[in-house]
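Notes follow the structure.
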Number of protein chains: 4
Amino acid sequence: MLEGTQLRADAQRNRARILDAAEAVFAEFGTRASTEEVARRAGVAIGTVFRHFPTKDDLLAAIMKRLLAQLVEEAGKRDLFAFFTHMVAQAAAKKTVVDLLAGSGVDIRLPDAVSHLEEAVGSLLEQAQAAGAVADSVRLPEVMALLVSVCQGALHGGWDEQLQAHTLAVIFAGLKRD
Amino acid sequence: MLEGTQLRADAQRNRARILDAAEAVFAEFGTRASTEEVARRAGVAIGTVFRHFPTKDDLLAAIMKRLLAQLVEEAGKRDLFAFFTHMVAQAAAKKTVVDLLAGSGVDIRLPDAVSHLEEAVGSLLEQAQAAGAVADSVRLPEVMALLVSVCQGALHGGWDEQLQAHTLAVIFAGLKRD
Amino acid sequence: MLEGTQLRADAQRNRARILDAAEAVFAEFGTRASTEEVARRAGVAIGTVFRHFPTKDDLLAAIMKRLLAQLVEEAGKRDLFAFFTHMVAQAAAKKTVVDLLAGSGVDIRLPDAVSHLEEAVGSLLEQAQAAGAVADSVRLPEVMALLVSVCQGALHGGWDEQLQAHTLAVIFAGLKRD
Amino acid sequence: MLEGTQLRADAQRNRARILDAAEAVFAEFGTRASTEEVARRAGVAIGTVFRHFPTKDDLLAAIMKRLLAQLVEEAGKRDLFAFFTHMVAQAAAKKTVVDLLAGSGVDIRLPDAVSHLEEAVGSLLEQAQAAGAVADSVRLPEVMALLVSVCQGALHGGWDEQLQAHTLAVIFAGLKRD
DNA sequence: TATGAATGAGGATTCATTCAT
DNA sequence: AATGAATGAATCCTCATTCAT
């Protein structure tokens, strides 16, 4: 039993290292980066990666899930505008989520994790509307759409701080009254 | 000379068929789709694709250039808001441009074609501001950023007509006064 | 008839241009250079090259034949030692012959042209032996073998003038008495 | 650790089989032979060849290095004349080295391995000169040049034993006094 | 469970050769 | 006879995935 527990702990540690490595590698090189590169960065053998994540898509889904959970957590600490700003600022660091949220290429479905994020953003939206900071006519779907859009834009466009501020200013103004 | 023209016409037709096929294939499967698939769809042998476009990137650049030219032309027929709406509506059809405009993955530089589009959008912005339809504080860079962002969002998010309308409504409101 | 003659003259001119181009191209890039490159250098279309020389090997054989004929002619103007020196000095310029004489890669048989060269060298050998400049025990096959060997060496080794002189000095000494 | 060694042993065996196959294939068909053919002959999948030798040039370089090492070893067991004779006799078997030593086509640099061979031949030359078997005026560069030349000649010319003997006789005579 | 070697399908690209004009 | 576009087999190389150890 001790040995089993030991192994399980090792396995858990490996799983985490692989996820960390994958997040870094895919953020740096995109999802086209090879699984070997992830293994290399994680310091494990390629077989270990595939033991934990039977396919590359499984690995991507796992990253996605973890990142979404982080986002949900971060959403809890901010108001809608701050969360928007935060996500855009983090876009590059979270490249993989943004890409996958956006649906590009790989076919990954994480309805639960995504709906958690939607719920979190939904709460922020309600709060903002209750406070009169966002027009009542604004609905969650378009907020999500704007969030994802602007993250993608920021991510791929390589915006500087000023451009980011000006772009968000337009969106924020639009949210306040439309 | 007639004969020469004839031959050239055949080649032109093939070039166009390849571009059409590539546009469709890359729109459907992303830029990772194989050149073989493009050849298959165009009904030509793989060598023919490479005769016209020596590398896959050349093919992508050619699609891009053609689509950008179309966009510039279409920009000439609309006001800023209509052009925004039009681009978003066309996003899926123009997937490849949007992706490449966004800079994802492949390394393609078309400064001229892109700056033509920027100029066209710049004109629309000036007109809109002259007409008082857009706040004077809004500058071209953020308009481009919003345009690309929202196209990407629409493209990858698979928005329906309503979502598209609502999302644009927020942006348009933001452009009017911020 | 005039027209036929005209055409034939054109064709002859093209044939010569192709041979010249091929000689230059293959000398510069080796026999792996593409037939298109030859056509380009000759200023004709690829089809014209294949009309004159149905396969690439035919083209190589033709070059070979022409170069061998030149060598035979040059042999007539020199004694054995001078011819040796001349061939070695020309090795780079005649890369293709040397390569093909040596049999590398492509499968080309030109028994006639080669035997003409052998005959010419045979004459030089006889003269040299008659003059007492070469030992009587030396036979033609080894002279040819040495000639080809040393040309290949010079060609691929990129010998400078000094190395060339020293290397030939050893061979010449060996020919004088063995 | 035992298990690790075992696996490594398997890989080593495959590496050796690939090198053997490559040596045979390139000797038979020249360096233009395909990597697939090497894989076939080695009885491994193509990916295995590329896992061991990331590019075809790496494979050629590896063969080269191994053959040069063998030659250096063999040089240690003979005098200059015997080594010359041995190399020429082995030329066909060592086709690839000879070709690559000669610099034909592929761009491979093995300065170390080549200079080891030069050193070995240099030693043989010194011994031969000390014993009065070779004229003092002869220097290493021309000996190397002659060696490579005559190997190429033998290799590509398909010399029989007699021709080989006669040709070497001329060179040996030239080395003795010039 | 971890390792990492092996697999082999797939992808970009080249080039000798054919053929419609 | 010349043109040059089209063909498609062949080549090098990559990478997700499997499996023996």
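A, B, ... follow the sequence lines: proteins, then strands. Residue 1 opens every chain. This is a predicted model, so every value here is computed, not measured. Basis for what follows: all heavy atoms, side chains included, without hydrogens, waters or symmetry-related copies.
Residues passing the salt bridge (charged side-chain N to carboxylate O under 4.0 Å, His left out) test with D:Arg66 are D:Asp20, D:Glu23, sequence neighbours excluded. For A:Gln70, the side chain to side chain donor-acceptor pair (under 3.5 Å) criterion is met by A:Lys94, not counting sequence neighbours. For B:Ser34, the side chain to side chain donor-acceptor pair (under 3.5 Å) criterion is met by no residue, not counting sequence neighbours. Residues forming a side chain to side chain donor-acceptor pair (under 3.5 Å) with C:Glu28 (at least two apart in sequence, or on another chain): C:Arg41.
Using a 4.0 Å cut-off, no side-chain N or O of A:His52 falls inside it from OP1 or OP2 of E:dT1.
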For DNA chain E, what dot-bracket results from Watson-Crick or G-U pairs at under 3.5 Å, with [ ] for crossers and | for inter-strand partners?
.||||||||||||||||||||
Go along nucleotides 8-14 of chain E 5' to 3' and tag each nucleotide: B for a protein heavy atom under 4.0 Å from its base, S when only backbone or sugar atoms are that close, - otherwise.
BB-SSBB
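Between C:Phe50 and C:Thr35 there is a side-chain heavy-atom pair separated by less than 4.5 Å. Within the 4.5 Å cutoff, the side chain of D:Phe26 has heavy atoms near those of the D:Lys56 side chain.
Put simply, CZ on C:Arg17 is 11 Å from P on F:dA2, counting in whole angstrom units. Rounding to whole angstrom units, CD of residue D:Gln12 and C1' of E:dG4 are separated by 14 Å. Per the geometry, CD belonging to C:Glu37 stands 17 Å off P belonging to E:dT17, to the nearest Å. Regarding B:Ile18, its CD1 atom lies at a distance of 10 Å from the C1' atom of F:dA5, rounded to whole Å.
Both C:Asn14 and B:Arg51 lie close to DNA chain F; mapped to their nearest nucleotides by heavy-atom distance, the more 5′-ward contact belongs to C:Asn14.
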The test is side chain to side chain contact (heavy atoms under 4.5 Å, CB included); show your working for B:Phe53 and B:Leu60 and say whether it passes.
CA-CA 9 Å; B:Phe53 307 96; B:Leu60 287 169; over 6 Å; no
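The two residues C:Arg17 and C:Ala42 have their closest heavy-atom pair at NH2-O, 3.0 Å.
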